[in-house]
Protein chains: 2
Amino acid sequence: MSIDTLRYYERIGLVDPPARDSGGRRTYSDEDLARLGFLTKLRTTGMPIRMMRQYARARRSGVAGPALCKQILVEHRASVRARIAELRSSLDVLDHKIDNYSQIERDASAAEGRTA
Amino acid sequence: MSIDTLRYYERIGLVDPPARDSGGRRTYSDEDLARLGFLTKLRTTGMPIRMMRQYARARRSGVAGPALCKQILVEHRASVRARIAELRSSLDVLDHKIDNYSQIERDASAAEGRTA
DNA sequence: GTAGGAGCTGGAGTGCGCTCCAGGTCAACC
DNA sequence: GGTTGACCTGGAGCGCACTCCAGCTCCTAC
């Protein structure tokens, strides 16, 4: 994760501003890093920033927080599963198409063999 | 697929301009539709437009075409597989996190039971 | 003490993939 | 023959998620 992305996340309120050292520089605790790691995981699985902000807001909120967090994650998990299913079915199409091209190649080399 | 997207694809040279009827309107043959369907499949599996254009160009090129097409698809298939693997591993993290929240909920309701 | 390098800030810019718009044309229906 | 609706064109605009920049401050190493 680039430093610019990190700043961007902080600006839009996706991550809490971390502590600063005496020189005014950010110091990330292990917990900060763990949270960032999880947020990155959410991003790479295709969760939009908007939803990540909802999740971050839920984390900060009180008693209702955990239930809301869980709900968002359950919802996201469903979409990840759907995405996996979509990709898997597309793999079949891709395999089929590739087989086709392999066949074309074989035909072409067979024709070449005859003309040679 | 929206009409605007279709026009966009035509503008950037991703699809060949289809035939027109007497009134100047586009008429898509079954073959056109099949190609569009496959292109859409590539898009939804995350192939960038840039690579789709390479594929479209390969389709139009002569003898070298099929080999190039196949190469592009094989490459893309690998990235789809990698993506699936990435998503699957993330699902585990997600499951774990959701379990955590479920536990928190159970703890909370247990505490509520004691204070009630 | 000074040169270098990393991090700081607010703001502007970028790339991708659409999406929308204004103003025009055409065919079909009443 | 007027109205309606779909499609036509070129071009502008948008949302997302970054990414880059100028100009500054601060710590470190020599």
Side-chain angles (χ1 to χ4, degrees), chain A residues 1-33 35-59 72-73 75-76 79-80 82-83 86-87 90 94, chain B residues 1-33 35-59 72-73 75-76 79-80 82-83 86-87 90 94:
Chain A
M1 162 174 275
S2 78
I3 190 171
D4 276 314
T5 301
L6 195 48
R7 297 290 169 277
Y8 167 67
Y9 283 0
E10 199 179 316
R11 274 187 235 186
I12 64 173
L14 185 53
V15 302
D16 293 325
R20 301 290 181 116
D21 66 13
S22 60
R25 301 193 182 177
R26 292 168 180 77
T27 56
Y28 292 93
S29 69
D30 286 355
E31 202 189 334
D32 289 336
L33 295 179
R35 283 187 195 180
L36 279 171
F38 184 63
L39 285 182
T40 301
K41 205 82 186 167
L42 292 181
R43 267 304 294 141
T44 63
T45 51
M47 183 184 281
I49 294 277
R50 195 174 351 100
M51 196 184 294
M52 290 174 68
R53 291 181 64 184
Q54 284 174 27
Y55 176 76
R57 187 148 23 88
R59 280 213 59 140
I72 290 169
L73 293 188
E75 201 176 305
H76 181 58
S79 84
V80 172
R83 179 69 178 143
E86 186 182 30
L87 289 180
S90 296
L94 226 38
Chain B
M1 163 174 274
S2 78
I3 190 170
D4 276 315
T5 301
L6 195 47
R7 296 290 170 278
Y8 168 66
Y9 283 1
E10 200 180 315
R11 273 187 234 186
I12 65 172
L14 185 53
V15 302
D16 292 327
R20 301 290 181 113
D21 66 13
S22 60
R25 300 191 182 177
R26 292 168 180 77
T27 56
Y28 292 93
S29 69
D30 286 354
E31 202 189 334
D32 288 337
L33 295 180
R35 284 187 195 180
L36 279 171
F38 184 61
L39 284 182
T40 301
K41 205 81 186 166
L42 292 181
R43 267 304 294 141
T44 63
T45 50
M47 183 185 280
I49 294 276
R50 196 175 349 99
M51 197 186 292
M52 289 174 68
R53 291 181 65 185
Q54 283 173 29
Y55 176 76
R57 188 149 22 88
R59 279 212 60 140
I72 290 168
L73 294 188
E75 202 176 304
H76 181 58
S79 84
V80 172
R83 179 70 176 143
E86 186 182 30
L87 289 180
S90 296
L94 225 39

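Quick caveat: nothing in here was measured; it's all calculated off a predicted structure.
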Undergrad: Quick one: pull up CZ in Arg43(B) and CE in Met51(B) and give me the separation to the nearest 0.5 Å.
TA: 11.0 Å
Undergrad: Take Arg20(A) and Pro48(B), find for each the nucleotide of DNA chain C with the closest heavy atom, and name the residue whose nucleotide sits nearer the 5' end.
TA: Arg20(A)
Undergrad: Of Gly23(B) and Asp4(A), whose nearest nucleotide on DNA chain C comes first from the 5' end?
TA: Asp4(A)
Undergrad: Looking at Tyr55(A) and Leu39(A), what are the two nearest heavy atoms and their distance?
TA: CD2-CD2, 4.4 Å
Undergrad: Can you find an N or O donor on one side and an acceptor on the other, under 3.5 Å apart, linking the side chain of Arg11(A) with the base of dG11(C)?
TA: yes
Undergrad: Starting at CD1 of Ile3(B) and ending at P of dG17(C), how long is that distance when rounded to a whole Å?
TA: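 Answer to the nearest Å: 21 Å.
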Undergrad: OP1 or OP2 of dC16(D) versus the side-chain N and O atoms of Arg53(A): is any pair under 4.0 Å?
TA: no
Undergrad: State whether the side chain of Arg53(A) and the backbone N or O of Ile12(A) hold a donor-acceptor pair below 3.5 Å, judged by distance alone.
TA: yes
Undergrad: Could you check how far CG of Asp21(A) sits from P of dC27(D), rounded to whole Å?
TA: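 My rounded result for the distance is 8 Å.
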Undergrad: So for Arg43(A) and dA17(D), does any side-chain atom that can act as donor or acceptor lie under 3.5 Å from a complementary atom in the base?
TA: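 Such a pair does not exist between side chain and base.
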Undergrad: Return no unless some side-chain N or O of Arg26(A) is found under 4.0 Å from OP1 or OP2 of dC8(C).
TA: yes
Undergrad: Within a reach of under 6.0 Å around CG of Asp21(B), are more than 12 heavy atoms found that belong to other residues, nucleotides or ligands?
TA: yes
Undergrad: Please state how far atom CZ in Arg7(A) lies from atom C1' in dT9(C), giving the value in whole angstrom units.
TA: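 Nearest whole value for this atom pair: 10 Å.
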Undergrad: Choose from dC18(C), dC7(D), dC20(C) the nucleotide whose nearest atom is closest to any side-chain atom of Ile49(B).
TA: dC18(C)
Undergrad: Starting at atom CZ of Arg50(B), determine the distance to atom C1' of dT14(C), rounded to an integer number of angstrom.
TA: 14 Å
Undergrad: Would you say that more than 12 heavy atoms from the other residues, nucleotides or ligands in this model lie under 6.0 Å from the CZ of Arg50(A), or not?
TA: no
Undergrad: Expressed as a whole number of angstroms, how long is the span from Ile12(A):CD1 to dA17(D):C1'?
TA: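 Interatomic distance, CD1 of Ile12(A) to C1' of dA17(D): 8 Å.
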Undergrad: Rounded off to whole Å, could you give me the OH-to-C1' distance for the Tyr8(B) and dG10(D) pair?
TA: 16 Å
Undergrad: Report yes if at least one side-chain N or O of Tyr9(B) is closer than 4.0 Å to OP1 or OP2 of dG17(C); otherwise report no.
TA: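 So the side chain of Tyr9(B) is outside the cut-off, no N or O lying under 4.0 Å from OP1 or OP2 of dG17(C).
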Undergrad: Whole angstroms only, please: what is the CG-P distance between Leu6(A) and dC18(D)?
TA: 12 Å
Undergrad: Measure from the side-chain heavy atoms of Thr5(B) and tell me the nearest of dC8(C), dC18(C), dA17(D).
TA: dC18(C)
Undergrad: Which nucleotide, dA27(C), dA17(D), dC8(C), lies nearest any side-chain atom of Arg25(A)?
TA: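 Among dA27(C), dA17(D), dC8(C), the one nearest the side chain of Arg25(A) is dC8(C).
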Undergrad: In whole Å, I'd like the distance from the CE atom of Met47(A) to the P atom of dC16(D).
TA: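 Roughly 15 Å, once rounded to whole Å.
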